[in-house]
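These notes concern the structure reproduced below.
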Amino acid sequence: GYGPGEDETCVLYRDLAEIYAALLEDRAPVLPPLPVTYGDFSVWHHEWVTSERYARQREFWRNKLGATYEAGEGGTLDLSRGRSKRGTASGRGLAQGFHIDKALGDRLRKVGLGMDATLFVVLLSAYFVLLNRITGRRDMVIATPVRGRNSADVEELMGYFTNLLPLRVKIDPALPFSEAVKRVKDVVLDSFANPDIRLEEVAQELSSRGGQRMSALYQTLFSMQDIRQRVTRWGNLDHERLEVFQPGATEDLGLWILERDDGIIASMVYNADVLLEEDVTTLRGHYVALLERIASAPHDHVEALGDF
């Protein structure tokens, strides 16, 4: 999983660290050569979206997101169990942060290894399970941002290379959590193999034939970034990360996760026009409790992992 701008932040941190050190040492900074510009990338991308390979990706997403939902599935998730404040639309967002200690993170990573899955897949699967247990929905779409640097030529380049992929997964509460992980992993692998789609194209086509609007292509967000290797020293300066939560929300709910050396920090960003503070506090507590249960009993059936 990847967060918006994570590549750019890493490139910026690395270049700033080198430029600052060079100024202190009275020398020219040694920065990686750039074989292409962002303008070159834009020209290439304009040609790419008219190619046959891109058409195949568009067909993949059209089939994935356009498949018919069963009765009671699809649409907005009722995350507040009927107590939603929906009706206003200021876009005002709030966030609630929390910490997952390193010991629990290591246990969950071990669970993932036993299921041939990454920590990202385990945490995402737990999020799907949480939403299933809260809402009763089985067929859900969670969007996740992914890196779009598909060529070595743009690895060192500043620019917007992030895309959002809607992951549609069906959760069966009667099956073990390991099966949920397998389903999520399969969807992640298939989706990450088709990472370049422009969702507005799919939304426009589905809308024209009575399908979903752009805003309904996914129901919530999930992002995970591993920042353990990020540069934290510029010359003789150390720096630390300060959490600043975004003041707006484009979705009802989003779960944002950062993995650091001292554990995992996370936040639930939510639309304050829709969800109550106490509802998000409850969701946050349920998610952490669910992770503890998964770490202790990873092969329990989904329905036995918690009755929320």
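For the single chain, residues carry numbers from 1 onward in sequence order.
- Between the side chain of E179 and the backbone N or O of A174, no donor-acceptor pair lies under 3.5 Å.
- The two residues V274 and D252 have their closest heavy-atom pair at CG2-OD1, 3.7 Å.
- Grouping the Ile, Leu, Val, Met, Phe, Trp and Tyr side chains by contacts below 4.5 angstrom, directly or via other members, places V49 with V202.
- Between V280 and L94, every side-chain heavy-atom pair lies at or beyond the 4.5 Å cut-off.
- In this structure, the separation between CD1 on I100 and CZ on R260 is 12.0 Å, given to the nearest 0.5 Å.
- Salt bridge absent: R14 and E18 never bring a charged side-chain N and a carboxylate O closer than 4.0 Å.
- In this structure, R168 is positioned above the aromatic face of Y69, its NZ or CZ under 6.0 Å from the six-membered ring centre and within 45° of the axis.
- Here the NZ atom belonging to K64 is positioned 14.0 Å from the CG atom belonging to L217, to the nearest 0.5 angstrom.
- Listed here is the closest heavy atom pair of E73 and G136: OE2-O, 4.5 Å.
- Contact detail for A297 and L305: the closest heavy-atom pair is O-CD2, 4.0 Å.
- In this structure, OG1 on T281 lies 7.0 Å from OH on Y270, to the nearest 0.5 angstrom.
- In terms of heavy-atom proximity, S223 sits nearest to T144 at CA-OG1, 4.4 Å.
- Side chains of L79 and T135 form a contact here, defined as non-hydrogen atoms less than 4.5 Å apart.
- The environment of CD in E70 is sparse: at most 12 heavy-atom neighbours from other residues, nucleotides or ligands sit within 6.0 Å.
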Test side chain to side chain contact (heavy atoms under 4.5 Å, CB included) on E201 and W61 and set out the steps.
-> CA-CA 10 Å; E201 292 184 7; W61 288 107; over 6 Å; no
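- How far OH of Y287 is from CG of L283: 12.0 Å, rounded to the nearest 0.5 Å.
- Rounding to the nearest 0.5 Å gives a distance of 12.0 Å between CD of E251 and CG of L77.
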Please lay out, stage by stage, how R183 and I171 fare under the test side chain to side chain contact (heavy atoms under 4.5 Å, CB included).
-> CA-CA 8 Å; R183 292 186 180 189; I171 298 295; 5.8 Å; no
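- Hydrophobic clustering of Ile, Leu, Val, Met, Phe, Trp and Tyr side chains at less than 4.5 Å, counting indirect connections, unites F98 with W256.
- When side chains are defined from C-beta on, L24 counts as touching Y20, because their heavy atoms get closer than 4.5 Å.
- In this structure, the side chain of S267 does not engage the main chain of V269 through any donor-acceptor pair within 3.5 Å.
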Donor-acceptor contacts under 3.5 Å from residues 102-120 side chains, at least two apart:
residue	atom	partner	partner atom	Å
K102	NZ	D106	OD2	3.0
R107	NH2	S296	OG	3.1
R109	NH2	E259	OE2	2.2
D116	OD2	K185	NZ	2.9
T118	OG1	V121	N	3.3

Under the side chain to side chain contact (heavy atoms under 4.5 Å, CB included) rule, what do H45 and R198 come out as? Steps first, then yes or no, please.
-> CA-CA 11 Å; H45 189 266; R198 296 191 296 189; 4.3 Å; yes
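- Between the side chain of Q219 and the backbone N or O of V141, at least one donor-acceptor pair lies under 3.5 Å.
- Contact annotation: the side chain of I197 approaches that of L165 to within less than 4.5 Å [non-hydrogen atoms, C-beta and beyond].
- Residues M140 and L131 come closest through the heavy atom pair SD-CB, 3.6 Å.
- Side chain of R137 to main chain of D78: no donor-acceptor pair is present (N/O by atom type, distance under 3.5 Å, no hydrogens or angles).
- V43 and V154 fall into different hydrophobic clusters, where Ile, Leu, Val, Met, Phe, Trp and Tyr residues are linked whenever their side-chain heavy atoms come under 4.5 Å apart, directly or through other members.
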Going through the checks in order, is the side chain to side chain contact (heavy atoms under 4.5 Å, CB included) test met by R133 and L290?
-> CA-CA 10 Å; R133 305 312 297 148; L290 183 61; 5.8 Å; no
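- At a cut-off of 3.5 Å, with distance as the only test, no side-chain donor of T282 or D279 sits close to an acceptor on the other residue.
- Aromatic ring pairs are classed by plane angle as parallel below 30°, tilted from 30° to 60° and perpendicular above 60°; the pair F222 and Y127 is tilted.
- The distance from the NE2 atom of H301 to the CZ atom of F177 is 13.0 Å, given to the nearest 0.5 Å.
- The two residues N163 and P195 come nearest to each other via the heavy atoms ND2-O, 2.8 Å.
- Other residues, nucleotides and ligands place no more than 12 heavy atoms under 6.0 Å from the CZ atom of R53.
- The backbone N or O of L167 sits nowhere less than 3.5 Å from a side-chain atom of S191 that would complete a donor-acceptor pair.
- With sequence neighbours excluded, the residues satisfying ring-ring contact (aromatic ring centres under 6.0 Å, His included) with Y38 are F41, F161.
- Under the 4.5 Å side-chain contact rule for hydrophobic residues, L221 and F192 share a cluster.
- Under the 4.5 Å side-chain heavy-atom criterion for ILVMFWY residues, a single connected hydrophobic cluster contains both I294 and V288.
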